[in-house]
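Report on the following structure.
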Amino acid sequence: MKILCVGMMVCDIPLYPVPDNILKLDSWKISNAVPTTGGDALNVSVGLAKLGMEVSLCGRVGRDSNGAFVKACVAKEGVDISSVIEDLEYPTAASYILIDTLNERHFLTSNKIFDSLSAEDVPEEKIKKADLVYFGSAMIMERMDRDGIEKLFRKSRSLGKITAMDTAMNTAMNSTGQVNYYEQMKCALYETDYFLPSYDEAKILTGEELPEKIAERLKEFNMKALVIKLGKKGCYATDFVKGKYISTIEGMPVKDTTGAGDSFVAAFLCGISQGWDIFKSAAFGNTVASLNVGAVGATAGIPDFKSALAFFEKQDIQY
């Protein structure tokens with residue numbers, strides 16, 4: 001299965017360890033700050049490539065050193081970047097990731113470029129060559145949220161393609177409450193086959209607290225599946241006939257949770273491409289995410305498919 005990933009591309013700079021009282025300190029010694037790549041669409045594309053999938057990426061970077069670095073890193077992993085656009089107005093999105101002593105992440109971001117991505121940036125030729133079109137950045141990219149995702153997915157479905165979507169937390173969500181994301185995303189959701197939000201984003205989108213209630217609210221969109229990522233608790237997956245909580249693997253080392261959700265999505269889509277049902281695919285997603293957080297970097301801990309499958313089959317994960 002060929003997969004086209006569309007959405008965020010970011011230059012990440014992880015900083016660790018960062019103490020809770022950092023703003024009260026004049027200085028603090030950290031490990032070497034080594035730039036890496038990030039952004040959900042980019043992370044998922046790299047994760048898919050590591051898992052042996054044929055994948056292409058469409059997004060925007062600036063015409064700058066960070067953009068050149070990001071493109072080179074992605075291309076090195078075997079991702080087709082021929083549809084990545086160099087934006088002449090905005091710099092490449094960058095995130096400084098403060099990793100605290102509990103290995104939790106806190107972001108300082110510069111991402112104005114997100115608002116410039118549009119459905120027209122995605123070549124129809126790339127959609128035609130793909131079997132599945134994944135958009136990784138709903139609820140944070142202005143033009144795509146407005147009508148771009150709907151256009152992209154409607155075009156994709158008209159060409160017989162499967163569609164999948166993830167969400168990205170917008171900091172404005174937690175403050176003003178002025179945006180009705182449910183109404184804003186409705187048209188896109190009607191064109192979505194697999195929806196894979198994180199719990200906090202799904203809660204903001206629907207106004208519901210329980211995963212089962214979130215699923216009830218989203219049932220109207222006739223998706224093939226809803227998979228809600230629950231962090232270290234695993235996920236809730238439903239085909240709207242039955243729903244299951246699927247746990248992660250206990251006792252795995254955790255160095256960096258950056259990209260955990262994206263590695264889950266990559267492995268889930270890999271599972272779907274193998275012809276597995278959503279529950280086995282979700283369990284495989286949890287396994288790969290559990291492996292990924294054992295390394296520093298958004299995709300550093302993702303193994304090849306053969307290794308991931310062998311490890312998965314040794315686990316006693318109920319799905």
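Remember, it's a predicted structure, so these values are computed and weren't measured experimentally.
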Notebook entry, point to check: Atom OG of S27 and atom CD1 of I30: how far apart are they, to the nearest 0.5 Å?
Noted result: 11.0 Å

Notebook entry, point to check: Step by step, would you call K71 with E86 a side chain to side chain contact (heavy atoms under 4.5 Å, CB included)?
Noted result: CA-CA 10 Å; K71 290 199 297 180; E86 287 190 351; 2.8 Å; yes

Notebook entry, point to check: When clusters are formed by joining ILVMFWY residues with side-chain heavy atoms under 4.5 Å apart, either directly or through shared neighbours, do V265 and L51 land in the same one?
Noted result: yes

Check: Do the side chains of M185 and I149 get nearer than 4.5 Å, heavy atoms only?
Finding: yes

Check: Is V288 reachable from F305 through a run of hydrophobic residues whose side-chain heavy atoms are each under 4.5 Å from the next?
Finding: yes

Margin query: Do D200 and S198 pair up side chain to side chain, a donor and an acceptor below 3.5 Å, judged on atom types alone?
Written below: no

Margin query: Membership question, hydrophobic clusters at under 4.5 Å side-chain separation (ILVMFWY): are V254 and V18 in the same one?
Written below: no

Next item on the list: Examine distances only and state if a side-chain atom of D256 and a backbone atom of G297 form a donor-acceptor pair shorter than 3.5 Å.
Entry: yes

Margin query: Rounded to the nearest 0.5 Å, what separates atom CG in L42 from atom CG in D12?
Written below: 9.0 Å

Next item on the list: Kindly give the heavy-atom pair with the smallest separation between G301 and N292, and that separation in Å.
Entry: N-OD1, 2.9 Å

Margin query: Any non-hydrogen side-chain atom of L189 less than 4.5 Å from a side-chain atom of M165?
Written below: yes

Note to self: Test side chain to side chain donor-acceptor pair (under 3.5 Å) on D316 and Q318; report intermediate values, then the result.
What the structure shows: CA-CA 6 Å; D316 184 26; Q318 302 299 312; 2.9 Å; yes

Next item on the list: Return the minimal non-hydrogen interatomic distance between F284 and C270, and the atom names on each side.
Entry: CE2-SG, 4.3 Å

Check: Stepwise, does the side chain to side chain contact (heavy atoms under 4.5 Å, CB included) test hold for I162 with D131?
Finding: CA-CA 6 Å; I162 301 167; D131 299 298; 5.8 Å; no

Item checked: Non-hydrogen side-chain atoms of L269 and L48 separated by less than 4.5 Å -> yes

Notebook entry, point to check: Is there a donor-acceptor pair under 3.5 Å between the side chain of N21 and the backbone N or O of K24?
Noted result: no

Notebook entry, point to check: Can you tell which of E150, E191, E124 makes a salt bridge (charged side-chain N to carboxylate O under 4.0 Å, His left out) with K155?
Noted result: E124

Notebook entry, point to check: Under 4.5 Å between side-chain heavy atoms, hopping through other hydrophobics if needed: is there a path connecting I85 to Y134?
Noted result: no

Notebook entry, point to check: Just checking, any donor-acceptor pair under 3.5 angstrom between side chains of Y181 and E201?
Noted result: no

Check: Under 6.0 Å from the CD atom of E250, do we count more than 12 heavy atoms belonging to anything else shown?
Finding: no

Next item on the list: Report, as yes or no, whether the 6.0 Å neighbourhood of atom NZ on K255 holds more than 12 heavy atoms from other residues, nucleotides or ligands.
Entry: no

Check: Atom OG1 in T206, atom CG in L218: separation rounded to 0.5 Å?
Finding: 6.0 Å

Next item on the list: Could you check whether the rings of W276 and F312 sit parallel, tilted or perpendicular, using 30° and 60° as the cut-offs?
Entry: parallel

Next item on the list: With the side chain counted from C-beta on, respond yes when L152 and V133 share a heavy-atom pair under 4.5 Å apart, and no when they do not.
Entry: yes

Next item on the list: Give a yes or no answer on whether the side chain of D145 reaches the backbone of A138 with a donor-acceptor pair at less than 3.5 Å.
Entry: no

Item checked: T92-D64 side chain donor-acceptor pair, cut-off 3.5 Å -> yes

Next item on the list: Mind checking the CG-CZ spacing from L226 to F240? Nearest 0.5 Å is all I need.
Entry: 4.5 Å

Checklist line | Whether over 12 other heavy atoms sit under 6.0 Å from F69 CZ | finding: yes

Item checked: Minimum heavy-atom distance between F268 and L196, given as atom pair plus value -> CD2-CD2, 3.6 Å

Next item on the list: Check whether F153 and L132 end up in the same hydrophobic cluster, where Ile, Leu, Val, Met, Phe, Trp and Tyr are linked by side-chain heavy atoms less than 4.5 Å apart.
Entry: no

Checklist line | Close side-chain approach of K2 to V55, heavy-atom, < 4.5 Å | finding: no

Next item on the list: Starting from the C-alpha separation in whole Å, work towards a yes-or-no answer on side chain to side chain contact (heavy atoms under 4.5 Å, CB included) for M252 and L291.
Entry: CA-CA 7 Å; M252 296 290 287; L291 290 167; 3.6 Å; yes

Next item on the list: Heavy atoms only: give me the nearest A260-V293 pair and the separation to one decimal.
Entry: CB-CG1, 3.7 Å

Checklist line | Option among Y182, Y194, F195 that satisfies the ring-ring contact (aromatic ring centres under 6.0 Å, His included) test with F221 | finding: Y182

Item checked: salt bridge (charged side-chain N to carboxylate O under 4.0 Å, His left out) evaluation trace for D239 with K242 -> CA-CA 6 Å; D239 58 5; K242 60 182 176 181; 5.9 Å; no

Checklist line | Note, M9 side chain near L57 side chain (heavy atom, < 4.5 Å) | finding: yes

Next item on the list: Answer yes or no: is there a donor N or O on one side and an acceptor on the other, between the side chain of S83 and the main chain of C58, under 3.5 Å?
Entry: no

Check: Is a donor on one side and an acceptor on the other found under 3.5 Å between the side chain of N32 and the backbone of V34?
Finding: no

Notebook entry, point to check: Under the side chain to side chain donor-acceptor pair (under 3.5 Å) criterion, do T248 and N286 qualify, and how do the steps go?
Noted result: CA-CA 5 Å; T248 54; N286 282 345; over 6 Å; no

Check: For K161, does its backbone N or O pair with a side-chain atom of S156 as donor and acceptor, under 3.5 Å?
Finding: no

Margin query: Within the 3.5 Å criterion, strictly below it, is a donor on D87 or S116 matched to an acceptor on the partner's side chain?
Written below: yes

Checklist line | Separation between OG of S118 and CD of E142, rounded to the nearest 0.5 Å | finding: 12.0 Å

Notebook entry, point to check: Given E125 and K128, is the salt bridge (charged side-chain N to carboxylate O under 4.0 Å, His left out) satisfied, shown in steps?
Noted result: CA-CA 5 Å; E125 167 194 354; K128 288 179 177 178; over 6 Å; no

Checklist line | side chain to side chain donor-acceptor pair (under 3.5 Å) evaluation trace for S82 with K126 | finding: CA-CA 10 Å; S82 59; K126 291 295 183 183; 2.9 Å; yes

Item checked: Main-chain N/O of V46 paired with T299 side-chain donor or acceptor, under 3.5 Å -> no

Next item on the list: Please lay out, stage by stage, how E89 and K112 fare under the test salt bridge (charged side-chain N to carboxylate O under 4.0 Å, His left out).
Entry: CA-CA 10 Å; E89 183 176 0; K112 186 63 178 176; over 6 Å; no

Next item on the list: Please examine the side chains of Y16 and I97, heavy atoms only from C-beta on, and report whether any two atoms are closer than 4.5 Å.
Entry: no

Checklist line | Side-chain donor or acceptor of E77 paired with backbone N/O of C73 under 3.5 Å | finding: no

Notebook entry, point to check: Are R60 and F114 close enough that some pair of their side-chain heavy atoms sits under 4.5 Å apart?
Noted result: no

Check: Within the distance-only criterion (no hydrogens, no angle test), does the side chain of W28 pair as donor or acceptor with the backbone N or O of P17 below 3.5 angstrom?
Finding: yes

Margin query: Tell me whether the count of non-hydrogen atoms from other residues, nucleotides or ligands lying under 6.0 Å of CD in E54 goes above 12.
Written below: no

Next item on the list: State the SG-CZ distance between C235 and F264, to the nearest 0.5 angstrom.
Entry: 4.0 Å

Next item on the list: Take I99 and E104 through the side chain to side chain contact (heavy atoms under 4.5 Å, CB included) test and state the conclusion after the steps.
Entry: CA-CA 6 Å; I99 304 172; E104 293 298 327; over 6 Å; no

Check: Mind checking whether Y245 and Y236 have parallel, tilted or perpendicular rings, split at 30° and 60°?
Finding: tilted

